[in-house]
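Right, one structure below, let's go through it.
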Amino acid sequence: MAKKERFEKVYSQGAVNIMEIWMDKETGVNYVFHASGYAGGMTPLLDRDGKPVISPIVN
């Protein structure tokens, strides 16, 4: 039985300095991931009011 993946990559740019947006398919919350060389980090993507960006969940 195939394992259900929780996160889905919805946007990507760059080859050396990578910027990606990932969506949690259970909550709809979007996260921004940035990597440069051997370093990287992920944090919730916020709107201008400081609230997390939430996408509609498609079943």
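Any value given below was found using the heavy atoms of this structure, including those in side chains, with hydrogens, waters and symmetry copies removed.
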Worksheet item: Got a sec, which residues hit salt bridge (charged side-chain N to carboxylate O under 4.0 Å, His left out) with Glu26, two or more places apart in sequence or on another chain?
Response: Arg6
Worksheet entry | Reported CE-to-CD distance for the pair Met42 and Glu20, which is rounded to 0.5 angstrom | 8.0 Å
Discussion item. Quick check: closest heavy atoms across Glu5 and Lys25, and the distance to 0.1 Å?
Written reply: O-CE, 2.8 Å
Worksheet item: Counting distance only, does the side-chain N/O of His34 pair as donor-acceptor with the main-chain N or O of Ile18 below 3.5 Å?
Response: yes
Worksheet item: Can you check whether Tyr31 reaches Asp24 side chain to side chain, under 4.5 Å on heavy atoms?
Response: yes
Item to complete: Using the rule that two of Ile, Leu, Val, Met, Phe, Trp, Tyr join whenever any of their side-chain heavy atoms come within less than 4.5 Å, decide whether Tyr11 and Ile57 are in one cluster.
Response: no
Item to complete: I would like to know whether Leu45 and Ile21 meet side-chain contact (heavy atoms from CB on, under 4.5 Å); could you show each step before the answer?
Response: CA-CA 8 Å; Leu45 181 63; Ile21 296 176; 4.1 Å; yes
Discussion item. Which residues pass the side chain to side chain donor-acceptor pair (under 3.5 Å) test with Asp49, not counting sequence neighbours?
Written reply: none
Worksheet entry | Nearest heavy atoms of Lys9 and Trp22, plus distance in Å | N-CE3, 3.4 Å
Worksheet entry | Heavy-atom side-chain contact between Val53 and Leu46 under 4.5 Å | no
Item to complete: Please answer: with hydrophobic residues joined when any side-chain heavy atoms are less than 4.5 Å apart, are Val10 and Val32 in the same cluster?
Response: yes
Worksheet entry | Results of side chain to side chain donor-acceptor pair (under 3.5 Å) for Asn30 - residues two or more places apart only | Ser55
